[in-house]
Structure formats: structure tokens, C-alpha cells
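By convention in this document, chain letters (A, B, ...) are assigned in the order of the sequence lines, proteins followed by strands, and residues within each chain are numbered from 1.
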Amino acid sequence: MNQKTSIPKGTRDFGPVPMMRRNYLFDTIRSVFQLYGYMPIETPAMETLETLMGKYGEEGDKLIFKILNSGDFASGIKPEFFENLLRNPENSGQISKTMASQISEKALRYDLTVPFARFVVQHREEITFPFKRYQIQPVWRADRPQKNRYREFYQCDVDVIGSNSLLNEAELIKIIDEVFIRFGLNIVIKLNNRKILAGLAEVSGMGSNLTDFTVALDKLDKIGMELVKKEWSSKGFSNDSIDLIIPVIGNTGSNSDKLDRLRDILKNSGTGQKGLEELETLMKIISGFDLKCSVEIDLTLARGLNYYTGAIIEVKSLDVQMGSICGGGRYDDLTGIFGMPGVSGVGVSFGADRIYDVLEQTNGFTALTHTGTQILFLNFGPEESAVCMPLADQLRSAGISCELYPDSTKIKKQMQYADQNKIPVVIMIGETERNASQASVKYMSSGEQVNIAFSDLTNAIGKIF
RNA sequence: GUGGUAGUAGUUCAGUCGGUUAGAACGUCGGAUUGUGGUUCCGAAGGUCGGGGGUUCGAAUCCCCUCUUCCACCCCA
């Protein structure tokens with residue numbers, strides 16, 4: 001009888017309470033973005049397959065949700081695929097990959113950055129640079145879900161594109177500080193610079209393989225120095241070169257200690273020096289800011305995304321043990337892949353779901369007042385409801401949200417409805433009240449009940465809220 | 001993609017060595033109380049025991065396959 005219902009793996013329903021909290025979260029973030037002059041954009045849930053493919057590396061391509069072509073998609077498959085598959089079943093992975101492009105030409109967006117790059121290139125004639133935009137939309141990844149990781153989740157991206165100034169990085173740091181002040185959360189902003197990492201790899205002879213270098217380095221926090229060394233060794237880096245940089249990347253000492261050590265080791269690397277210079281300048285700019293949060297240079301900060309070319313930014317919660325809750329950086333040539341080279345951008349992305357979890361664990365939602373119905377009119381029948389409706393309209397005009405119970409069922413049931421929906425005030429207008437032109441007003445928390453003349457109702461109720 | 005864990009009512013879970021009609025709590029609905037919520041009492045509904053196959057006189061229980069969940073890895077927000 002009851003059909004078994006479910007939603008796809010890694011997706012979620014949000015009930016009224018979580019939604020109120022999520023809206024608060026998005027509204028807060030959005031209002032800070034707007035305060036700094038960023039403009040909203042939205043892009044479609046789906047992009048053409050070629051826009052997305054190849055932008056996230058081999059692994060990323062596999063995690064893109066592809067949309068099957070409408071209609072008779074099978075007719076697009078060439079016969080040799082079936083023959084090939086029968087002949088080489090062990091090759092099915094490769095065959096599927098090639099076949100995908102014939103039966104699918106669009107896919108769900110994987111992040112907001114690549115669609116943004118596409119947007120900028122496509123609308124370059126209409127955009128005035130530097131272009132400051134924010135975008136709060138869901139993205140989809142065909143990853144295997146696990147704790148705090150979903151197949152559908154929201155990103156809140158804020159970027160400025162078409163400006164090389166480090167003031168942009170500084171402004172983003174300001175925005176991060178402001179957002180988390182509004183949430184009442186304690187955070188630390190961690191900074192690094194991709195050019196410094198490149199410089200370190202260069203002077204230790206690992207320059208040719210920056211990706212492997214940084215992927216391992218990024219795990220330092222998690223797996224420890226010994227395992228990082230081991231991973232480097234397995235990728236072919238020499239012990240000598242490893243030992244050379246170990247003392248520098250260790251997260252000991254103050255920010256200026258770290259900068260001093262870098263100045264020394266990077267003196268023979270042009271790229272490294274450039275990065276160091278950027279980081280020093282940025283630190284100098286933000287030293288003039290009145291930030292609540294601390295800013296810490298973390299040379300192990302690498303972040304997976306390979307398109308970062310300058311600053312790398314990451315935010316960690318100090319209240320709750322959790323991965324990063326916000327992160328980003330500068331990318332010098334993101335639009336280059338769409339044929340518009342030389343446009344630099346910098347941006348960060350707030351992880352809404354993780355911030356939600358942090359706020360939940362720190363009781364950060366308790367300040368959120370109940371924004372549902374404030375007043376419930378009980379329904380005693382058609383004649384009484386007819387009296388209630390204009391009164392309800394008067395209250396609404398005064399900005400008080402109220403509703404009339406739709407059915408004239410038992411009062412007990414209507415009271416239960418008020419109780420369970422946490423409606424603080426119930427107004428009863430039955431035959432007696434109607435004849436006396438007085439409403440019985442009941443305060444649910446105390447149980448207290450008073451009579452108020454219809455003519456005084458809006459005024460009297462207005463004083464409560 | 002790899003490894004582990006689990007799957008029984010809407011939810012959280014019992015269910016003995018394979019043995020009669022699969023239970024509880026909470027929730028839902030109804031009643032006690034025809035105009036008064038939270039507490040209490042009574043009652044009811046709700047199950048293809050994730051699905052398929054196998055072993056057996058007999059399977060929620062044992063075996064195989066599959067799906068799903070959660071956790072960890074890879075990667076990432």
C-alpha cells in the first residue's frame with residue numbers, strides 16, 4: 001500500500017527548522033557579500049559536458065554527474081563500441097568514458113568556479129572589470145558520500161576577477177572575518193602562497209612535480225611529518241632535498257619567523273621570491289585592519305585545486321574540530337581554458353553545510369527567533385471564522401503573522417496544533433466572544449487567558465511582539 | 001574506485017541454539033474530556049524482517065549474490 005520512498009544517495013531533505021537555519025546562514029553570508037559591493041549571479045544547474053570535462057583532473061571527470069541525452073540516446077552509439085566491448089570486456093572503463101560523450105552532452109555543475117569562468121568569457125562584452133560577483137547555489141558530485149560529505153551541497157562563492165591587486169585578497173580576509181563575527185564563531189585564517197610552494201619545490205629539486213609535492217604536504221596536519229616524507233620518497237624525491245625544506249615548513253614560530261626562514265631558503269628562486277613578496281605585502285595590508293580573528297601563515301597549506309597560482313586561503317573553526325569551513329585563493333588564468341587568457345581572479349568559497357554543523361554544535365542557532373506564525377485563530381465554525389478573518393488581516397497589516405485554523409474540528413486538536421508549531425498566542429472567538437465583540441486571547445507559555453475587545457486587538461497584540 | 005560496518009513498524013532498537021501468531025519505547029491517529037495544548041490513562045493503525053536465490057520439515061536468524069546505509073581511504077566543500 002505505502003510505496004517505499006527514498007531519495008538518491010548523498011542527497012537530503014530539509015524540514016522547516018533546518019531550512020530556517022539554512023536561510024539565516026545564507027542571508028548572513030549574502031548580506032556581507034553585498035556590503036562589500038559584490039553582485040549576485042546564477043548559472044544553470046547543468047552545463048555542457050565540454051565546459052566541465054577536463055577542468056578538474058582525471059579524478060574530477062569521474063565525479064561529474066552526466067545527464068543522459070533525451071530521446072533515443074542509444075541511436076547515437078556507434079556499433080564499434082559494442083563490438084569493442086564484447087572483444088575487450090576488461091577495457092569497459094575506457095570504453096564507457098568514450099561512449100559517455102556520445103550519449104550525454106550536458107552535466108550537472110561540479111563547482112561554481114568553472115561555470116563562473118565560462119560566464120565571464122561568454123559575457124565579457126557586458127561585464128565591467130574588475131568584476132565582483134557572488135554566487136550561492138548547489139553543486140553536485142558523484143563522490144561516495146560519508147560524514148559531512150554529500151552528493152548535493154551548496155557553495156557560497158565570492159570572487160573578484162580582472163584585478164591583480166592584493167587589496168582583493170585583503171578584502172576577502174575582511175569579509176571572512178565579518179561573516180564569522182556575525183555567526184559568533186571563533187576562527188583562524190590560514191594563508192599561504194602557491195608561488196612559495198613552487199619555490200620550495202624548486203630549491204629542493206622537486207620543482208618538476210609540484211602536484212605530488214603539495215598533495216603530500218597538504219596532509220601534514222593529518223598524517224604527520226614521517227608519513228609525508230615517506231610519500232615524497234615514494235614519489236621519487238631525494239632524502240637530501242626533503243631534509244632541506246623540512247625545517248622551513250614546520251609550523252613553529254610567529255608569522256615573521258616563518259617569513260624570515262623563507263627569505264633565506266628562497267633567495268635563489270625567482271618564483272619563490274615573488275610569492276614571498278606577495279605574502280609579505282598581504283600581511284602588511286591586513287596588519288592595518290581591525291580583525292577579530294587571527295591570521296596565520298601555514299606553509300603546509302596547499303589545497304587540492306591545481307589552478308591556484310598565488311594566495312591560498314583557508315579557514316578553520318576554533319570551536320569545533322573539523323576540516324576547513326571556507327577556502328579559496330588566486331587563480332591567474334582560469335578563463336584561459338575558454339579562450340580568454342590573462343585574466344586574474346581571486347575568490348573564496350564558504351562551505352555552508354560545514355558552517356551549519358559548527359553552528360549546531362556551538363548552539364549558534366539559539367539566537368534564531370521563531371519566525372513562524374505568531375497568532376493562531378481557532379476555528380469555531382463558518383460564522384466565527386468570518387469574524388476572525390478581518391481581524392487577522394488587521395494584525396497582518398501591523399506586521400504580525402497569523403493564521404486561521406482551516407477546519408472547525410475539536411478545540412483540543414486545534415490547541416495541539418498551536419502547541420506543536422510553537423505558536424505563542426491563540427485567539428478564540430466562539431459564539432460567546434462573537435456576541436460580546438471580545439476575543440479570548442490565550443498565551444500558550446503561561447496558559448494565561450484574557451479578554452480583549454475586537455477594537456483593541458491589534459493595538460494590544462502589537463505591544464507583545 | 002578500495003576496505004570495513006550495518007540493514008527488523010514513521011523513528012530508535014529488542015528478537016535466545018533455526019521452532020507456534022516478529023515485540024517494546026517514542027511518534028501518529030482515536031477515545032477518556034461535544035470550548036482549552038503540554039501531564040496522565042485507555043485503545044487502534046502501522047511489517048514483502050532491504051531485495052533475490054539457496055540450505056532445511058521449518059529462516060528475521062545459516063550460506064551465496066545484489067542493493068542501500070554509515071565509517072575510513074583516494075579525493076574534496
Side-chain angles (χ1 to χ4, degrees), chain A residues 1-13 15 56-64 92-93 96-97 109-113 136-157 211 214-216 218-219 222-223 227 231 302-306 313-317 322-329 347-358 376-381 384 405 408-434 439-449:
Chain A
M1 211 195 289
N2 273 341
Q3 201 178 337
K4 214 174 244 177
T5 56
S6 68
I7 52 175
K9 187 196 273 212
T11 62
R12 294 161 293 168
D13 285 329
Y56 308 103
E58 186 125 356
E59 287 298 311
D61 282 357
K62 285 193 226 159
L63 301 181
I64 293 171
S92 63
S96 305
K97 208 175 149 189
R109 74 167 96 78
Y110 179 88
D111 70 357
L112 299 179
T113 310
I136 299 175
Q137 287 190 278
V139 301
W140 294 269
R141 295 187 187 177
D143 207 356
R144 184 177 291 207
Q146 51 181 282
K147 195 169 187 65
N148 296 329
R149 288 177 64 174
Y150 306 97
R151 289 183 142 183
E152 179 187 59
F153 60 95
Y154 272 75
Q155 288 190 331
C156 313
D157 273 28
T211 304
T214 53
V215 165
D218 198 36
K219 295 182 200 158
K222 216 166 167 183
I223 63 177
L227 286 172
E231 190 164 332
R303 292 189 63 80
L305 295 171
N306 277 317
I313 303 165
E314 190 163 290
V315 179
K316 298 209 88 172
S317 164
M322 189 173 296
S324 82
I325 52 179
C326 172
V348 295
S349 179
F350 289 77
D353 293 297
R354 285 190 175 174
I355 296 171
Y356 183 98
D357 289 341
V358 173
L376 177 71
F377 284 87
L378 298 199
N379 189 327
F380 285 82
E384 286 79 12
Y405 195 89
S408 64
T409 55
K410 278 192 280 275
I411 297 310
K412 178 189 169 72
K413 182 162 170 56
Q414 303 192 37
M415 292 297 282
Q416 265 173 3
Y417 176 85
D419 188 45
Q420 301 209 335
N421 286 295
K422 299 192 165 48
I423 298 172
V425 175
V426 164
I427 291 181
M428 282 166 282
I429 298 172
E431 201 185 341
T432 325
E433 287 86 353
R434 187 163 66 96
S440 288
V441 178
K442 173 161 178 161
Y443 303 98
M444 293 298 278
S445 57
S446 64
E448 186 195 351
Q449 200 166 314

Note, Leu376(A) side chain near Met415(A) side chain (heavy atom, < 4.5 Å):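 The answer is no, as the side chains (C-beta and beyond) never meet within the 4.5 Å cut-off.
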
Non-hydrogen side-chain atoms of Phe350(A) and Cys326(A) separated by less than 4.5 Å: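 They are in side-chain contact.
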
Base, sugar-phosphate or nothing for [X]? Non-hydrogen atoms, less than 4.0 Å.
X: Phe350(A); result: nothing
X: Glu433(A); result: base
X: Asp353(A); result: nothing

Measuring only the [atom1] atom in each nucleotide, how far is [N] from [M]? A whole number of Å is fine.
N: G46(B); M: A9(B); atom1: P; value: 14 Å
N: U33(B); M: U40(B); atom1: C1'; value: 12 Å
N: C71(B); M: U28(B); atom1: P; value: 28 Å
N: A6(B); M: C70(B); atom1: P; value: 16 Å
N: G35(B); M: U39(B); atom1: P; value: 22 Å
N: C74(B); M: C17(B); atom1: C1'; value: 44 Å
N: C13(B); M: A22(B); atom1: P; value: 23 Å
N: G1(B); M: U68(B); atom1: P; value: 10 Å

Any residue meeting ring pair (Phe, Tyr, Trp, His ring centres under 6.0 Å) with Phe380(A), in chain and number order, not counting sequence neighbours: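 In terms of ring pair (Phe, Tyr, Trp, His ring centres under 6.0 Å), with neighbours along the sequence ignored, Phe380(A) is linked to no residue.
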
Qualifying residues under ring pair (Phe, Tyr, Trp, His ring centres under 6.0 Å), relative to Phe153(A), sequence neighbours excluded: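 So Phe153(A) forms no ring pair (Phe, Tyr, Trp, His ring centres under 6.0 Å) with any residue.
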
Centroid distance under 5.5 Å and plane angle under 30°, Phe380(A) vs G35(B):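 It does not: the two rings, one from Phe380(A) and one from G35(B), miss the stacking criterion.
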
To the nearest Å, how far apart are [X] [atom1] and [N] [atom2]?
X: Trp140(A); N: A77(B); atom1: CH2; atom2: P; answer: 17 Å
X: Lys422(A); N: G37(B); atom1: NZ; atom2: P; answer: 18 Å
X: Asp419(A); N: G37(B); atom1: CG; atom2: C1'; answer: 4 Å
X: Gln414(A); N: G37(B); atom1: CD; atom2: P; answer: 12 Å
X: Tyr405(A); N: G35(B); atom1: OH; atom2: P; answer: 14 Å
X: Glu384(A); N: U36(B); atom1: CD; atom2: P; answer: 15 Å
X: Glu59(A); N: G1(B); atom1: CD; atom2: C1'; answer: 8 Å
X: Leu63(A); N: G1(B); atom1: CG; atom2: P; answer: 10 Å

Proximal nucleotide (of C76(B), U68(B), G37(B)) relative to the Arg354(A) side chain: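 The listed nucleotide nearest to Arg354(A)'s side chain is C76(B).
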
Ser440(A), nearest nucleotide to its side chain (from G37(B), G35(B), C76(B)):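 That would be G35(B).
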
Residues, nucleotides or ligands: over 12 heavy atoms within 6.0 Å of Gln416(A) CD: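 Counting neighbours around CD of Gln416(A), more than 12 heavy atoms of other residues, nucleotides or ligands fall under 6.0 Å, so yes.
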
All side chain to side chain contact (heavy atoms under 4.5 Å, CB included) counterparts of Ser446(A), not counting sequence neighbours: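 Ser446(A) satisfies side chain to side chain contact (heavy atoms under 4.5 Å, CB included) with Tyr443(A), Glu448(A) once adjacent residues are dropped.
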
Set of side chain to side chain contact (heavy atoms under 4.5 Å, CB included) partners for Ser349(A), sequence neighbours left out: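 Ser349(A) satisfies side chain to side chain contact (heavy atoms under 4.5 Å, CB included) with Gln155(A), Asp157(A) once adjacent residues are dropped.
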
Donor-acceptor pair between Glu152(A) and Thr11(A) side chains, under 3.5 angstrom: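 Absent: no donor and acceptor within the cut-off.
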
Backbone of Trp140(A) reached by a side-chain donor or acceptor of Arg151(A) within 3.5 Å: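 Answer holds: no.
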
A72(B) phosphate, OP1 or OP2, under 4.0 Å from Gln146(A) side-chain N/O: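 Checking Gln146(A) against A72(B): at least one side-chain N or O falls below 4.0 Å of OP1 or OP2.
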
Side-chain N or O of Lys442(A) closer than 4.0 Å to phosphate OP1/OP2 of G37(B):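 False: Lys442(A) side-chain N/O out of range (4.0 Å or more) of G37(B) OP1/OP2.
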
Intra- and interstrand pairs of RNA chain B - dot-bracket, Watson-Crick/G-U under 3.5 Å, | marks other strand: ((((.((..((((.....[...)))).(((((.......))))).....(((((..]....))))))).))))....

Whichever of Arg141(A) and Pro145(A) has its nearest RNA chain B nucleotide further upstream toward 5':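 Taking each residue's closest nucleotide, the earlier one in sequence belongs to Pro145(A).
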
5' precedence on RNA chain B between Gly447(A) and Arg144(A) (nearest-nucleotide basis):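 Result: Arg144(A).
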
Spacing of CD1 belonging to Ile411(A) relative to NZ belonging to Lys413(A), to within rounding of 0.5 Å: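 Here the interatomic distance stands at 12.0 Å.
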
NZ-CG distance between Lys9(A) and Asp143(A), expressed to the nearest 0.5 angstrom: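 Going from NZ on Lys9(A) over to CG on Asp143(A), the span is 10.5 Å.
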
Any N/O donor-acceptor pair, Gln449(A) side-chain to G35(B) base, under 3.5 Å: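 When only heavy-atom distances are counted, Gln449(A) does not reach the base of G35(B) through any donor-acceptor pair under 3.5 Å.
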
Per-nucleotide protein contact string for nucleotides 25-30 of chain B (B base, S sugar-phosphate only, - none; heavy atom under 4.0 Å): ---S--

